[in-house]
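The structure presented is a predicted model; accordingly, all values stated were derived computationally and were not measured. Throughout, a chain's letter reflects where its sequence line sits, starting with A, and its residues are numbered from 1. Below, each value reflects all heavy atoms present in this structure, side chains not excepted, and no hydrogens, waters or symmetry copies.
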Amino acid sequence: MAHATTHTVSHGGAHGGHHDEHWVKKYLWSTDHKIIAFQYLFTGMAMALVGAFMAYVFRMQLAFPGSNVPLWGVVSPGQYNALITNHGSIMIFWVAMPVLIAGFGNYLIPLMIGADDMVFPRINRLSYQLFLLSAIILLASLVVPNGGFGGAWTAYPPLSANRVYNTTPYGASLWVLAVAIEFVAFLLGGINFIVTAMNSRAKGMRAFDVPIVVWTIVIASILFMASVGPLIAGAVMLLFDQLAGTSFFNPNRGGDPILWQHLFWFFGHPEVYVVLLPAMGIVAEVMTVFARKKLFAYQTVIYTIIGTGVLSFFVWAHHQFVAGIDPRMANVFTVTTVLVSVPIAEMCFVYIATLYGGSIQFSTPMLWALAFLAEFLIGGVTGIYLGASGLDVFYHDTYFVVAHFHYTFFPIAIIAVFAGITFWFPKMFGRMMSDGWGKVHFWGTIIPFNAIFIPLFILGAYGEHRRIFDYHNFPHLATPEMQALRITATVALVVMLLFQPVFLWNFIRSIAAGPKADRNPWHANTLEWTADSPPPHGNWAELPECHRGPYEYSVEGRPTDFWPQDEQA
Amino acid sequence: MSTKTIATTRSATGVPTGRLAVWWVLVSEIVIFGGLLVSYIMHRLGHPEWAEEASHTNTWAGAFNTLVLLSSSLSAVLAHKAASHGDGKRAAALLRVTVLGGLVFLVVKSFEWTHEIREGFTLQAGGFWSYYYTAAGLHAFHVIAGMGLMLWVAGTAAKNEELHRVENVGIYWHFVDMVWIFLFPLLYIAK
Amino acid sequence: MFDHVVPQASSFAGGVDGLFWLITWIVGLWFIAAEGMFFWLMWRFRRRPGVPAMYVTGKEKHLKRWINIPHGLVLIFDVVIIVAAIRVWVDIKQTLPPADVTIRVNSQQWAWTFTDPGADGVLDTADDIRTTDELHVVTGKTYHFLLESKDVLHSFFIPAFRLKQDAIPGRIYTGWFKPTQAGDYDIQCAEICGIGHGVMGAKLVVEGADAHTAWLAQHANDGALATLTTPAPADTTKPAAPAAAGTH
């Protein structure tokens with residue numbers, strides 16, 4: 001209902017869009033949140049290909065040390081270090097964050113709260129442009145003289161600060177610069193997400209009527225904003241140490257290398273929840289739709305999300321148990337780290353409970369969402385081993401850590417993302433993806449995924465340390481049994497990579513020629529499904545109002561098993 | 001073509017969008033400066049010999065600059081008052097006075113730094129100086145950014161448009177002021 | 001934990017492995033229960049024609065219990081794990097039993113240098129024995145190690161001892177271990193330290209007292225003039241031209 005005094009008619013929708021815009025303006029210089037979302041999404045996907053290629057190269061080196069890797073050549077130790085460093089950095093900063101937060105956040109938030117766009121469209125555009133700049137700088141850092149930075153994504157000084165030690169003077173500084181600019185881009189983006197979600201909700205949409213994925217993206221943005229500051233300061237300090245002769249982290253001149261670690265991990269730990277939260281939000285949206293069920297204890301979920309976010313600020317030094325911190329401090333962090341498993345376990349239990357009493361359809365998005373839970377549980381429980389300081393003495397810097405964080409990050413950055421893409425594809429592009437090929441891609445990804453990382457748990461338990469380009473230098477790690485595990489992981493990775501073109505083909509072909517999608521192919525409740533597929537500029541000719549919560553599925557006595565939020569009572 | 005969206009005009013929290021946004025920006029800025037300053041404080045406590053280096057800062061210049069910034073915050077408040085009464089021209093003029101205050105601040109700082117560098121107290125001269133130039137430099141960067149923003153807001157305010165931005169940019173400026181209120185004792189008084 | 005692959009060769013290795021198994025039992029049972037429930041629910045509530053889903057808010061007491069009780073149990077088990085973990089940690093990192101022998105462990109890009117105090121048992125005397133990339137210790141003796149770094153962060157990792165400690169330039173860390181089983185074991189650098197990180201291994205020889213005395217006698221005149229090893233502060237404002245930067 002449009003009131004006389006409130007504008008609910010958007011400027012774009014009424015005449016079906018503007019005069020024909022030049023494609024540059026429409027696609028490269030747009031302020032439309034949906035276009036910006038696609039920019040982030042596609043850039044993130046492209047960077048994922050780069051990161052995946054790096055993983056392929058270094059895993060081939062690990063399986064067949066010294067060999068000539070197809071599409072690369074022989075891998076030198078310096079190249080190996082640069083590959084693992086940039087693989088990690090790219091996957092976290094240039095894939096997980098842009099896709100989960102900026103991609104889905106930009107696309108979904110205005111649509112799900114019934115707004116025509118973000119509150120600051122031009123800042124939104126600027127944030128993407130800064131992000132793109134950061135990606136370009138990062139890629140440039142790989143091809144400069146002496147190669148890309150090879151000090152791991154954690155960039156501990158003195159190695160990262162001193163070119164004599166790291167031998168990659170240009171790569172190291174460009175890497176720091178790229179990360180710093182990426183942070184600024186996400187700070188700008190975060191403002192939009194937070195303020196838009198807080199202020200621009202549709203008439204009648206109370207806080208607990210907001211879909212979980214909006215909550216999670218907003219809380220993730222708040223977490224990011226509250227935690228990244230010290231590392232921005234640290235990045236400035238590191239750049240100055242590298243280029244301006246300061247000695248913030250130089251122990252020979254009064255500095256402290258451990259300071260960097262604290263600044264890094266104070267952000268680094270909340271950062272993992274910054275990416276986990278949106279992923280869990282996506283999974284919740286998909287699960288409720290395909291189980292035709294209300295989210296179990298929605299309010300409890302909100303509180304556990306906030307609780308996890310707050311607690312995440314108090315666990316960071318579990319990355320530094322053996323780094324030279326006061327050993328008494330380590331006990332404090334063991335307590336907080338093991339206890340943070342409580343709200344996360346609660347979230348997992350609640351999601352599992354959402355299936356109770358449902359009518360579950362195993363569509364492609366649902367398969368991904370369910371796989372997220374099943375796999376993330378492994379990541380979560382293996383974290384306990386590492387949070388227990390007495391055990392971390394052994395496991396720190398081993399492949400056990402690598403396997404643990406891939407069992408968390410892969411569900412977050414890959415599985416949940418595929419759930420989101422396959423779920424919202426019809427809305428984004430007005431077409432349906434092939435469900436059959438989607439399932440082929442799903443199984444071809446999930447099964448090899450486990451075959452990559454379970455061997456790595458075993459290798460870690462056998463004492464295999466990280467970031468080593470050739471284990472033949474270590475007699476007890478050079479056994480045929482252990483090498484067989486390495487080869488298994490590499491072969492599984494190659495198989496998994498070979499299945500990804502299935503997705504790319506399905507994705508591209510469906511955009512071009514998939515069956516047309518109507519507004520609400522999944523019979524979902526949330527507001528984005530009331531807009532056209534795809535929505536026009538301004539999203540609706542008349543902005544919707546909200547009359548109920550987002551998960552009123554299978555309400556007794558109704559003719560259909562869903563009840564859109566904007567439908568009149 | 002205006003990009004002002006309907007979303008911008010809504011206010012489910014009751015707080016206008018622009019002001020809400022500025023407060024969130026400040027949250028992130030507090031943590032940036034907080035991280036830097038906490039690092040500085042912890043190092044300063046662990047390095048008593050830095051007191052000797054710190055003794056060479058010019059407390060009078062610092063105090064004068066504190067006065068300048070506080071006064072410029074006053075003119076920013078008066079600008080907001082004018083804007084809230086709809087007097088865009090007056091608000092713009094007062095914003096420009098604030099910018100002038102920022103300029104005086106920067107000029108004094110450049111004299112300070114020139115003198116210190118000539119004395120050999122460069123960025124690399126010691127741990128204290130590394131923090132001194134980095135913290136004050138980051139702050140000065142925010143002063144310059146604030147001046148730019150205020151000139152831009154003054155430009156539209158003079159035409160009696162977007163007057164709400166006067167308050168928002170004022171909030172940002174007060175924050176820049178507050179950071180200096182912390183920097184001054186940490187860098188100039190603690191000797 | 002898998003001591004057929006990584007032997008337990010120190011006094012605290014058993015405790016570390018015990019902690020692993022404790023966590024595995026607790027967490028393993030939870031994991032199987034959660035995944036089991038998860039898959040069972042998937043099967044039980046798969047879509048069947050004519051059977052609608054239920055409307056469940058999650059506030060129903062009899063259902064909420066399924067969350068609250070596990071929630072409470074997780075908390076209790078967490079406390080058990082925390083207590084066990086701290087006990088192991090305190091043993092390794094917060095106690096320093098009196099030393100029979102004190103050795104120096106120096107790390108640098110990219111080698112380990114060990115200084116054995118020699119027959120007189122005192123470091124920094126003329127009979128010290130310096131070895132590179134090979135450390136000899138005696139079963140049953142309690143060792144203190146003084147860990148230092150010359151340049152960047154390194155980490156002293158002996159998997160068979162279940163021991164790890166980062167080496168920080170500008171600091172000396174004192175830790176301890178007590179070997180319990182003779183054999184040859186790996187020493188690894190467990191903190192990325194540049195392009196040579198992958199070749200920074202060393203050999204640990206744990207031997208009986210007699211074998212060790214023989215070894216000491218053999219090396220009595222090697223590198224005998226042990227000097228203080230804390231490096232002079234390098235002037236890193238003007239770095240020297242980088243050394244040959246590897247094969248790329």
Note to self: If I measure from the heavy atoms of chain A, does C:Met42 come under 4.5 Å with its side chain, its backbone, both, or neither?
What the structure shows: both
Next item on the list: Please state whether the side chain, the backbone, both or neither of C:Gln165 comes within less than 4.5 Å of a heavy atom of chain A.
Entry: both
Next item on the list: Report the distance from atom CG of C:Asp166 to atom CD1 of A:Ile258, rounding to the nearest 0.5 Å.
Entry: 7.0 Å
Item checked: Closest-packed option against chain C by number of heavy-atom pairs under 4.5 Å, given A:Gln361, A:Met482, A:Glu556, A:Arg292 -> A:Gln361
Next item on the list: On the 0 to 90° scale, with breaks at 30° and 60°, tag the A:Tyr462-C:Phe2 ring pair as parallel, tilted or perpendicular.
Entry: perpendicular
Notebook entry, point to check: Measuring heavy-atom distances to chain A, does C:Lys64 have an atom under 4.5 Å in its side chain, in its backbone, in both, or in neither?
Noted result: both
Checklist line | Candidate list C:Tyr55, C:Phe45, C:Trp66, test ring pair (Phe, Tyr, Trp, His ring centres under 6.0 Å), partner A:Tyr356, passing option | finding: C:Phe45
Checklist line | Between A:Pro251, A:Ser359, A:Gly324, the one whose heavy-atom pairs under 4.5 Å with chain C are most numerous | finding: A:Ser359
Check: Nearest 0.5 Å, what's the SG-CH2 distance between A:Cys348 and C:Trp30?
Finding: 12.5 Å
Note to self: Are A:Thr300 and C:Ile67 packed together at the side-chain level, in the sense that at least one heavy-atom pair is separated by less than 4.5 angstrom?
What the structure shows: no
Next item on the list: Please list, in residue-number order, every residue in residues 185-194 of chain C that has a heavy atom less than 4.5 Å from any heavy atom of chain A; write 'none' if there are none.
Entry: C:Tyr185, C:Asp186, C:Ile187, C:Gln188, C:Cys189, C:Ala190, C:Glu191, C:Ile192, C:Cys193, C:Gly194
Notebook entry, point to check: What part of C:Val56 gets closer than 4.5 Å to chain A, counting heavy atoms only: side chain, backbone, both or neither?
Noted result: both
Notebook entry, point to check: Which distance, rounded to the nearest 0.5 Å, do you find between the CD of A:Glu346 and the CG of C:Asn68?
Noted result: 7.0 Å
Note to self: Please classify the contact between A:Ala161 and chain C as side chain, backbone, both or neither, with a heavy-atom cut-off of under 4.5 Å.
What the structure shows: neither
Check: To the nearest 0.5 Å, what is the distance between OH (A:Tyr165) and CG (C:Leu153)?
Finding: 10.5 Å
Check: By a 4.5 Å heavy-atom criterion (distance strictly below it), what part of C:Trp40 contacts chain A: side chain, backbone, both, or neither?
Finding: neither
Next item on the list: Would you mind checking which part of C:Ile26 comes under 4.5 Å of any heavy atom in chain A, side chain (CB onward), backbone (N, CA, C, O), both or neither?
Entry: neither
Next item on the list: Quick one: closest heavy-atom pair of A:Thr167 and C:Ile195, and the distance?
Entry: OG1-CG2, 4.3 Å
Next item on the list: Please round to the nearest 0.5 Å and tell me the distance separating atom CD1 of C:Ile32 and atom CG of A:Leu377.
Entry: 12.0 Å
Checklist line | Smallest separation among heavy atoms of C:Val90 and A:Asn331, with atom names | finding: CG2-ND2, 4.4 Å
Notebook entry, point to check: What is the distance from atom NZ of C:Lys150 to atom CG of A:Asn252, rounded to the nearest 0.5 Å?
Noted result: 11.5 Å
Next item on the list: Indicate the atoms forming the closest heavy-atom contact of A:Gly390 with C:Leu19, along with that distance.
Entry: C-CD2, 3.8 Å
Note to self: For A:His476 versus C:Asp184, what's the shortest heavy-atom pair and its separation?
What the structure shows: CE1-O, 3.0 Å
Next item on the list: On the 0 to 90° scale, with breaks at 30° and 60°, tag the C:Phe20-A:Tyr385 ring pair as parallel, tilted or perpendicular.
Entry: tilted
Item checked: C:Leu75, part contacting chain A, at a heavy-atom distance under 4.5 Å -> both
Checklist line | Part of C:Phe157 lying under 4.5 Å from any heavy atom of chain A | finding: side chain
Margin query: Using heavy-atom distances under 4.5 Å, tell me whether C:Arg171 contacts chain A through its side chain, its backbone, both, or neither.
Written below: side chain
Item checked: Most contacts with chain C, counted as non-hydrogen pairs under 4.5 angstrom, among A:Asp470, A:Thr398, A:Leu370 -> A:Leu370
